[in-house]
Amino acid sequence: MSDQSSNDQPVSSETPEYRYTSVMAGDIETRWQEYWDAEGTFATPNPAGSLADPTAVAARGEKLFVLDMFPYPSGAGLHVGHPLGYIGTDVYSRFQRMSGRNVLYTMGFDAFGLPAEQYAVQTGQHPAITTNANIANMRRQLRRLGLSHDPRRSISTTDPEYYRWTQWIFSQIFNSWYDRDQARARPISELEDLYAAGARPTPGGRAWSALSRIEQRQIIDDHRLAYLSEAPVNWCPGLGTVVANEEVTADGRSDRGNYPVFKRRMRQWMMRITSYADRLIDDLDLLEWSPAIISMQRNWIGRSHGANVHFDSPAGPITVFTTRPDTLFGASFMVLAPEHPLVDAVTTSDQAAAVATYRSEAGAKKDVDRQDATRTKTGVSTGSFATNPVTGTEIPIWIADYVLMGYGTGAIMAVPCGDQRDFEFARMFDLPIPAIQNPPAEWFAEHGIEPSLDTAAWPEAYVGNAPYVNSSNSSVDLNTISDVAEGVSKMTAWLEANSHGNGTITYKLRDWLFSRQRYWGEPFPIVYDSDGIAHVIPAEMLPVALPETDSFAPRTFAADDEFSDPESPLDRLTDWVEVELDLGDGLQTYRRDTNVMPQWAGSCWYELRYLDPHNDQVFVDPEVERYWMGPRTDQRPDHPGGVDLYVGGVEHAVLHLLYARFWHKVLYDLGHLSSKEPYTRLFNQGYILADAYTDERGMYVEATEVASTPDGFVHDGQPVTREWGKMGKSLKNAVSPDEMYEAYGADTLRLYEMAMGPLDASRPWETRDVVGMYRFLQRLWRNMVDESTGAVTVVDAPADPNTRQLLHRTIDAVRTEMDALRFNTAIAKLIELNNHVTRLNATCREVAEPMVLMLAPLVPHVAEELWQRLGHTETITYEAFPNADPALLVDDTVEYPVQINGKVRSRVTVSAEADAAAVEAATLADPRVIEVLDGASIRKVIVVPGRMVNIVL
RNA sequence: GCCCCGGUGGCCCAACUGGCAGAGGCAGCGGUCUCAAACACCGUACGGUGUGGGUUCGAAUCCCACCCGGGGCACCA
């Protein structure tokens, strides 16, 4: 807290007693916050269930669900950057309530996760205690901001009554499989029925009844949407847990904590999100999201259409994936990933030593190093050859680390003339580069070489459309065409007809690694029997409560100890791990799963629980879900349903938004939801940035203690460097909302945050600018209340025509701007109106009341106070937002700027009804125009009705 | 390297999507109040829109090339 702040306004004895000061603002604000709580002003009615009030639902109007990305309750508390989006959604929600909508708006807490657990490890205090304290502090800070949340609907993911349903949803996913034919998830029991009835062949071809119980379970388990898998995962010894692909940064470190991450094969829970890859891409078309987020999701899922092609080799057929089967005639060698399972089988004895060396070198490299595209290509020959199925040529098989085991089939056909990577590799190892396309003349010209099919002269591979050459055999001929798409489809057909391959689709998206070896998360509702078979805990036995312990830390290791093994804190709780249950086969001893879910689990469905937070029968009443989130086919036929407006930062573009969409779709498939998508419209708010300063050692110094001098910035007598960054504790540049409440009040803070720019733009925080909004509220107050007596000075006389017209234009503009989330321009219009009123002798009620109503969404406390002083007894929350009189929006006359050759030379005023000819006549009769023209001949007169006139000479 | 955003008075930002560059706020300057100041109030000046071309009667807005800032992706076959 800064005590030398220049913003504190000492209220001296000369300050008028009834001036709108920070002290008065604080008094008004806390008073109305208490009123709202006591009256339950923001309680939102449901059509059914525990919050049902059908009469109120009917009275409030059409539904609107406004949602913020819910926060992690940090121990550091809020800074003024955090609530930017919350203020935006609050203003919007309040505006919509006044526009006749039944608005659902609340806030919960995403409270499982690492920080609370790490704090617990340090202090020995149970994370539930810190978490609850942090939530309480955050609730206090948010309440002081005047957010119009329905407090009855708030939830925390750590609440057993909440995670009971997170576990229930997990068990739904566990008990489902994806039916490719129907393109949807179905209950696992239906798969069992299909096998039992013989309608679906078993993998081994044996009759279902001939299989043992364990064999049957293995087949079933292989189809579950949540499954255990022995697979390469991201092991992070520094965190003592595995993490998901999405949680690994591009340079191969954990996004939390920045520790090295290693690929290891381990037995872990996975979610079969890849089954939904197509729908997750295709349904993006139904959403109103920014192009940036849509492309990030598309990119992450990474769908590529292509073909699998089978090449014969000494070790049997090797399948490669290619997006360019049309270039098969140019495939002059093959490359396998070093980890490819057939490497040993194809390696000749001569090459065995070299291959073994290369593989161990590749294995020792981190993924980061392997994926550095600027690195020169390395690789080694296996010594054996595969047969190109289209040419019959024997082509050498190499291994190289530029081919990744995790994508496609882990093997490629190399077409060096048409792929830059293959081209570089061929040049490096003197492999043949046959030309199969004739690049256009411009391409050769660009590279300063003569057109030639001798690739020895080519500086790089040619990628794109061009006529094919050398691309025919006895049964297929591409040489007559020059279009890649046509070539691809022709070759794919040939591959399929000749059993050399088939058209296929691959994805970058991998299945979601879902287990973590931590304490502070949702336990899995899973136990294992003596055969090691997983059983789900029945719904009526949920929640599986997180067991008490005082040892929260997973076993962590040196951050680079790649070959350590995870050990969950729950593993140590042997009394809890061993459990006697009756799961239908009588009382038996089971062993509990000791993993917990990742933090994303709780945020995959929280918006659904807001709808029906107290329901102990189902996670959400279907009728309530249909009301708030059902598809609005009345708006457009392909409306997917979901939240009407979701506001949050872009940092969740891939993780949260992908996972939540996936869970939502599973629940939709299983018939629990009417909406296909959770978030119809997504709006990404910007960040509040702030100056940060580093000293000569590069350490951040307290930003509030830095002074600006002619020689630069100085801290404690030492020069410092100004940097730019997101506001936060780590950059030592955080400003707390509590400081702002103290100096100006919450209404001023709200107004400033909304006025400083568009909601989706990032902008720098300037504490010294805040006073502008404070002055505005003081002028507003002074226009209606006598500063020395406190008496209301608003008069009942009618407003003059000018004022009335300005009022109605303001109403018209503010409505439009608020509806479009452009609060900065709405505020500018309101300040303009208020500045106009300031110049009048007295404020008319005719202006005062609509002005207070228009300001109510932005500055609800002072608006409530003025509304009450103007003689009203009800809260302003549900008063109708003013409507502009259309008659007052049009002028009787229009002033036209007159341009001569594009420069403004004069102005003429004509009747608003005047047609183009009349405007032209009036213009040419204008003395100033005649003077400037000075008899020059006119080529053309352009009249844009209502806008301007341009005379062209 | 590729893909998105964005560059407008000293600063944060408007400009009806091609029609008078300026709405609003901060800072500045001049004044009122004051013994003086702070607070508050009144009044003012300020740039031609990152750069260079093009289209047009007319460009901040559309097109091309480039520069700068922010974000995302990156050996994905």
Side-chain angles (χ1 to χ4, degrees), chain A residues 6 9-12 14-16 19 21 250 290-296 299-300 302-304 306 320-324 327 335 370-375 377 400-404 406-415 418-422 424-425 506-508 650-651 653-654 684 686-687 689 724 751-752 755-758 760-776 778-779 782 787 813 816 822 824-832 834-835 838-839 895-905 907 939-942 944 946-953:
Chain A
S6 59
Q9 275 98 58
V11 182
S12 77
E14 289 148 75
T15 303
R19 173 167 290 178
T21 60
S290 73
I293 303 281
I294 299 244
S295 85
M296 278 189 240
N299 233 317
W300 189 266
R303 177 164 62 187
S304 307
V320 304
F321 172 74
T322 177
T323 55
R324 294 286 304 276
T327 62
V335 187
R370 273 186 63 164
Q371 290 179 14
D372 179 0
T374 60
R375 209 162 56 90
K377 296 278 180 292
D401 63 7
Y402 82 94
V403 175
L404 308 174
Y407 184 78
T409 59
I412 61 158
M413 62 179 215
V415 183
D419 182 286
Q420 187 57 25
R421 298 157 299 187
D422 298 343
E424 286 167 19
F425 193 82
T506 58
Y507 305 88
K508 275 163 66 179
V650 287
E651 72 272 23
V654 180
N684 294 113
Y687 294 107
L689 310 172
W724 209 218
L751 205 52
Y752 172 65
M756 62 200 290
D760 56 357
S762 292
R763 49 289 193 34
W765 176 266
E766 287 290 353
T767 295
R768 64 167 183 268
D769 287 1
V770 179
V771 70
M773 294 302 119
Y774 184 59
R775 288 182 193 146
F776 163 53
Q778 287 186 330
R779 282 198 299 280
R782 199 181 300 119
E787 285 194 335
T816 309
R822 289 192 293 259
N824 54 326
T825 46
I827 291 167
K829 299 281 178 201
L830 287 163
I831 292 175
E832 205 178 354
N834 188 57
N835 287 350
T838 303
R839 286 178 218 111
E895 189 189 65
Y896 281 83
V898 179
Q899 296 179 352
I900 294 172
N901 281 346
K903 298 254 193 240
V904 179
R905 296 296 189 192
R907 284 158 208 286
R939 291 235 315 263
K940 196 169 167 190
V941 178
I942 294 155
V944 184
R947 293 245 186 267
M948 47 74 69
V949 182
N950 191 10
I951 300 172
V952 187
L953 298 182

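Throughout, protein chains are lettered first and strands after them, A, B, ... in sequence-line order, and every chain is numbered starting at 1. Just so it is clear, the structure is predicted and the values come from calculations on it, not from any experiment.
- As rounded to the nearest Å, B:G25 and B:C68 have C1' atoms that lie 27 Å from one another.
- With sequence neighbours excluded, no residue forms a ring-ring contact (aromatic ring centres under 6.0 Å, His included) with A:F776.
- Taking the P atoms as reference points, B:U51 lies 10 Å from B:U8, given to the whole Å.
- Looking at every heavy atom in both residues, A:R324 comes nearest to A:M413 through O-CE, 3.7 Å.
- With a 4.5 Å cut-off on side-chain heavy atoms, A:I942 and A:Q899 do not count as touching.
- Comparing the same atom, C1', in B:G70 and in B:A15 gives a spacing of 24 Å after rounding to whole Å.
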Using a cutoff of under 3.5 Å, can you pull out all pairs of nitrogen or oxygen atoms linking the protein to nucleotides 9-15 of chain B, with atom names and distances?
| residue | atom | partner | partner atom | Å |
| --- | --- | --- | --- | --- |
| B:C12 | O2' | A:M756 | O | 2.9 |
| B:A14 | OP1 | A:N824 | ND2 | 3.4 |

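- Nucleic acid contact class of A:N835 (heavy atoms, under 4.0 Å, all strands): sugar-phosphate only.
- Among the atoms of the strands shown, only primed sugar atoms or phosphate atoms (P, OP1, OP2) are found under 4.0 Å from some heavy atom of A:T322.
- Considering only residues two or more places apart in sequence or on other chains, A:R822 meets the salt bridge (charged side-chain N to carboxylate O under 4.0 Å, His left out) condition with A:E817.
- Taking 90° from 0 as the syn/anti boundary, the base of B:G48 is oriented syn.
- A:M413 comes within 4.0 angstrom of no nucleic acid atom, judged by non-hydrogen atoms across all strands.
- For B:G25, the OP1/OP2 oxygens have no side-chain nitrogen or oxygen of A:R775 closer than 4.0 Å.
- Distances shown here put every side-chain N or O of A:R779 at or beyond 4.0 Å from the OP1 or OP2 atom of B:G24.
- Inter-residue side-chain proximity for A:I827 and A:M773 is flagged as met; some heavy-atom pair is nearer than 4.5 Å.
- Distance, A:K829 NZ to B:G25 C1': 15 Å, rounded to whole Å.
- Look at B:C57: its Watson-Crick or wobble partner, with both distances under 3.5 angstrom, is B:G19.
- Pair assignment for B:G28 gives B:U44, based on Watson-Crick or G-U wobble hydrogen-bonding distances that are each under 3.5 Å.
- The interatomic distance linking A:R324 (CZ) with B:A77 (C1') rounds to 11 Å, in whole Å.
- Residue A:S304 places its side chain closer to B:A77 than to any other of B:C4, B:A77, B:A40.
- Side-chain contact between A:D760 and A:N684 is absent, with no heavy atoms from C-beta onward closer than 4.5 Å.
- With both pairing distances under 3.5 Å, B:A14 is matched to nothing as a Watson-Crick or G-U wobble pair.
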Dump every N/O contact between nucleotides 54-62 of chain B and the protein below 3.5 Å, one line per pair.
| residue | atom | partner | partner atom | Å |
| --- | --- | --- | --- | --- |
| B:C57 | O2' | A:N950 | ND2 | 3.4 |
| B:C57 | O2 | A:N950 | ND2 | 2.4 |

Pairwise N/O distances under 3.5 Å, protein to nucleotides 46-50 of chain B:
none

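- One interatomic measurement links the two molecules: CZ of A:R19 to P of B:A38, which rounds to 15 Å at whole-angstrom precision.
- Under the side-chain contact (heavy atoms from CB on, under 4.5 Å) criterion, A:N835 pairs with A:R779, A:I831, A:R839, not counting sequence neighbours.
- Of all nucleotides listed (B:C75, B:A77, B:C26), B:A77 comes nearest to the side chain of A:V403.
- Backbone-only engagement by A:I831 is indicated by non-hydrogen atom pairs under 4.0 Å involving sugar-phosphate atoms exclusively.
- For the C1' atom pair drawn from B:G6 and B:C42, the interatomic distance equals 38 Å after rounding to whole Å.
- Residues passing the side-chain contact (heavy atoms from CB on, under 4.5 Å) test with A:A411 are A:I318, A:V320, A:L336, A:H340, A:T409, sequence neighbours excluded.
- Between the CG atom of A:L689 and the C1' atom of B:G6 there is a distance of 13 Å, rounded to whole Å.
- Computed from coordinates, the A:N299 CG to B:A74 C1' distance equals 9 Å when rounded to whole Å.
- Nucleotides B:G22 and B:C12, compared at atom C1', are 14 Å apart to the nearest Å.
- The CD1-C1' distance, from A:I900 to B:G19, rounds to 16 Å in whole Å.
- Going from atom OG of A:S290 over to atom CE of A:M296 covers 7.0 Å, rounded to the nearest 0.5 Å.
- Base orientation of B:U34: anti, the glycosidic angle falling outside 90° of 0.
- Considering only residues two or more places apart in sequence or on other chains, A:R775 meets the salt bridge (charged side-chain N to carboxylate O under 4.0 Å, His left out) condition with none of them.
- B:G9 and B:A14: their P atoms are spaced 13 Å apart (whole Å).
- Within 4.0 Å (heavy atoms only), A:T506 reaches no atom of the nucleic acid at all.
- Distance noted for atom P between B:C67 and B:A60: 23 Å (whole Å).
- For A:R939, the side-chain contact (heavy atoms from CB on, under 4.5 Å) criterion is met by no residue, not counting sequence neighbours.
- Taking the salt bridge (charged side-chain N to carboxylate O under 4.0 Å, His left out) definition, one finds that A:D422 meets it with nothing, sequence neighbours left out.
- Checked against salt bridge (charged side-chain N to carboxylate O under 4.0 Å, His left out), A:E766 has the following partners two or more places apart in sequence or in another chain: A:R768.
- Rounded to an integer number of Å, the gap from OH of A:Y774 to P of B:A40 is 8 Å.
- Taking 4.5 Å as the limit, every side-chain heavy atom of A:I412 sits out of range of all side-chain heavy atoms of A:Y407.
- Pair check for B:A36 finds none; no Watson-Crick or G-U wobble contact set falls under 3.5 Å.
- What separates CZ of A:F776 from C1' of B:C39 is a distance of 19 Å, to the nearest Å.
- Summarising the base pairing, B:G6 is matched to B:C68 through a Watson-Crick or G-U wobble pair whose two defining distances lie under 3.5 Å.
- Rounded to a whole angstrom, the distance from the C1' atom of B:C11 to that of B:G52 is 28 Å.
- Residue A:Y402 has its side chain nearest to B:C75 when only B:C73, B:G19, B:C75 are considered.
- Partners of A:E832 according to the side chain to side chain donor-acceptor pair (under 3.5 Å) rule, which considers only residues two or more places apart in sequence or in another chain, do not exist here.
- Along RNA chain B, the nucleotide nearest to A:E787 and the one nearest to A:T323 differ in position, and the one closer to the 5' end is contacted by A:E787.
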